[in-house]
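In what follows, residues are counted from 1 in the order of the sequence shown.
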Amino acid sequence: MNYDLPRPAGRLLLTPEDKEAPARARRLGLLGLGEHPEPALDVFAARLAESAGAPYAMVTFIGEHRQFFAGLCVPDVNPLTDSGKSAPRLGRHLERDHGFCPHVVARRKALVLEDVRDYPRFAGNPIVDEFGIRSYLGAPLIDSTGMVLGTVCVADAEPRTWGRPGLETIKASAAELVARLERREADGLPVL
């Protein structure tokens, strides 16, 4: 783990060390992923949100310095933050130390957070404070080379009990998407 200083308003965030980031960035470049929205991945994210019953779903590719949501499904109405303000709309880019996907990539396994405030490491994350996210469920996208390309995830502005069905759904979705990406690559077609 490394501590990135300084942070706005004296914030100190614990961000997982990611030694694979340069190799991942190269692999994503070869696949043509991580730099522009993919309509097919937006559809994939919408299906994932529906199957998980979650307002947010993302297909996230993580480079050396940022996260990119190549597939994104967000609610029509933004939730309220704890301060009572409407949360900003989640866009396609996020700093690497925001959110929970970098932790999934570093761990190389699924992460279930039913209420992020129960975990000191995550409770002060900008996604919680700025966007009002309270629960998260994500799984890594691990290709046949063993590279973690990114994640598929769902999130909610309310605490949730994701349970075994949620965990199975997110893992199956990750496996489905990796298989799809690799089929396209093997066929010599544009990835999506």
Heavy-atom nearest pair, Thr169 first then Ser51, reads CG2-OG, 3.7 Å

Taking 4.0 angstrom as the limit, do Asp115 and Arg160 come out as a salt bridge? no

Could you check if a side-chain atom of Val59 sits within less than 4.5 angstrom of a side-chain atom of Phe44, using non-hydrogen atoms only? yes

Is there a path of hydrophobic side-chain contacts, each under 4.5 Å between heavy atoms of I/L/V/M/F/W/Y residues, joining Ile170 to Val148? no

Whether the side chain of Gln67 engages the backbone of Ile62 through a donor-acceptor N/O pair (distance < 3.5 Å, no angle test) should be reported. no

Would you say Ser144 and Glu182 are linked by a side-chain donor-acceptor pair, where the criterion is simply a distance under 3.5 Å? yes

Starting at CZ of Arg121, measure out to CG of Leu113 and round the result to the nearest 0.5 Å. 10.5 Å

Closest heavy-atom pair and its distance - Ala174, Pro140: CB-O, 3.4 Å

Answer yes or no: is there a side-chain heavy-atom contact under 4.5 Å between Arg24 and Asp18? yes

Is the closest side-chain heavy-atom distance between Ile127 and Phe122 below 4.5 Å? no

Before you tell me yes or no, could you show the steps for Cys153 and Tyr136 under side-chain contact (heavy atoms from CB on, under 4.5 Å), namely the whole-Å CA-CA distance, both residues' side-chain angles and the distance that decides it to 0.1 Å? CA-CA 7 Å; Cys153 65; Tyr136 171 89; 3.5 Å; yes

Give the intermediate values and the outcome of side-chain contact (heavy atoms from CB on, under 4.5 Å) for residues Leu141 and Thr151. CA-CA 5 Å; Leu141 296 169; Thr151 68; 5.5 Å; no

Taking side chain as C-beta onward, heavy atoms only, is Val74 less than 4.5 Å from Met58? no

Looking at Glu158, is its backbone amide N or carbonyl O close enough to the side chain of Ser135 to form a donor-acceptor pair, meaning the two atoms are under 3.5 Å apart? yes

Met147, Val105: one ILVMFWY side-chain cluster at the under-4.5 Å cut-off? no

Take Val104 and Thr60, measure what side-chain contact (heavy atoms from CB on, under 4.5 Å) needs, and give me the verdict at the end. CA-CA 11 Å; Val104 172; Thr60 309; over 6 Å; no

Atom of Ala45, atom of Gly71 and distance for their closest heavy-atom approach: CB-C, 3.9 Å

Residue pair Ala155 / Ala54: nearest heavy atoms and the distance that separates them: O-CB, 3.7 Å

Check whether any side-chain heavy atom of Asp156 lies under 4.5 Å from a side-chain heavy atom of Ile133, and answer yes or no. no

Interatomic distance, Phe68 atom CZ to Glu38 atom CD [nearest 0.5 angstrom]: 8.0 Å

Is it true that Glu20 and Arg26 make a salt bridge, defined as a side-chain N closer than 4.0 Å to a carboxylate O? no

Spacing of Asp143 atom CG and Leu177 atom CG [to the nearest 0.5 Å]: 11.5 Å

Measure from the side-chain N and O atoms of Arg107 to the backbone N and O of Ala110, and report whether any donor-acceptor pair falls under 3.5 Å. yes

In plain terms, say whether Glu176 and Arg47 are close enough for a salt bridge, that is, a side-chain N and a carboxylate O under 4.0 Å apart. yes

Should the heavy atoms of other residues, nucleotides or ligands under 6.0 Å from CD of Glu168 be counted, would the total exceed 12? yes

Taking atom CD of Glu64 as the centre, report whether more than 12 heavy atoms of other residues, nucleotides or ligands fall under 6.0 Å from it. yes

CG on Leu111 to OH on Tyr119, rounded to 0.5 Å: 8.0 Å

Salt-bridge present (Glu35, Arg66; N to O < 4.0 Å): yes

Derivation and outcome, side-chain contact (heavy atoms from CB on, under 4.5 Å), residues Phe61 and Leu41: CA-CA 11 Å; Phe61 296 116; Leu41 293 180; 3.9 Å; yes

Student check: side-chain heavy atoms of Ile142 and Val178 closer than 4.5 Å: no

Rounded at 0.5 Å granularity, tell me how far CZ in Arg96 sits from NE2 in His98. 12.5 Å

Between Asp118 and Glu114, is any pair of side-chain heavy atoms under 4.5 Å apart? no

Determine yes or no for a side-chain-to-main-chain donor-acceptor pair under 3.5 angstrom, with Asn125 supplying the side chain and Gly99 the backbone. yes

I need the minimum non-hydrogen distance between Lys19 and Pro22, along with the two atoms involved. O-CD, 3.6 Å

Run the ring-centre check on Phe69 versus His93 and record whether the distance is less than 6.0 Å. no

Measure the shortest side-chain to side-chain distance between Phe100 and Leu137 over non-hydrogen atoms and say whether it is less than 4.5 angstrom. no

